[in-house]
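First up is the structure itself, then whatever we jot down about it.
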Amino acid sequence: MFDIGFWELVLISVVGLVVLGPERLPVAIRSVSRWVGAARNMANSVKDELSQELKLQELQENLKKAEQMGMKDLSPELKDSVDELRKAAADVQRPYAEKKDEQPSVTTSHKQD
């Protein structure tokens, strides 16, 4: 990411020590490391979301090709994509089906006198 060598780090630490002093330097280093960690986490999450969106778009394009071909004489790559898309759709629908099954049925109880 950054091309910082050993001597540049030494210079930065000496300047930081002179400017901040020995009491505040560790706190500043911790703060900077937290900010860098948060930025890395955010960049990784954005990268993951983009890769998922690209994969989803590719699957949708393959599904459109398969539909145009009438789901016959598909190449192995298209068959795999269609199967993967069907599996993903089933996985998405599964939690909703489970919640529907778990809902208690409403029963009326009658008191017998």
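All values reported here derive from a predicted model rather than from experimental measurement.
When the side-chain hydrogen bond (donor to acceptor under 3.5 Å, both in side chains) test is applied to E58, no partner is found at least two apart in sequence or on another chain.
Residue pairs meeting the salt bridge (Lys or Arg N to Asp or Glu O under 4.0 Å) criterion with at least one member in residues 13-36, sequence neighbours excluded, do not occur.
At a threshold of 4.5 Å between non-hydrogen side-chain atoms, the residues L56 and Q60 count as touching. Considering only heavy atoms from C-beta on, Q52 stays 4.5 Å or farther from K47 through its side chain.
Cluster annotation: L20 and I29 are assigned to the same hydrophobic cluster (Ile/Leu/Val/Met/Phe/Trp/Tyr, side-chain heavy-atom contacts under 4.5 Å, transitive). Hydrophobic clustering (side-chain heavy atoms under 4.5 Å, transitive across Ile, Leu, Val, Met, Phe, Trp, Tyr) groups L11 together with V19. A chain of hydrophobic side-chain contacts below 4.5 Å, direct or via other Ile, Leu, Val, Met, Phe, Trp or Tyr residues, connects V14 to W7.
Distance CG/L59 to CG/D80: 10.5 Å, rounded to 0.5 Å.
Summarising the hydrophobic clusters (Ile, Leu, Val, Met, Phe, Trp, Tyr; side-chain heavy atoms under 4.5 Å, direct or chained), the residues clustered with V32 are V36.
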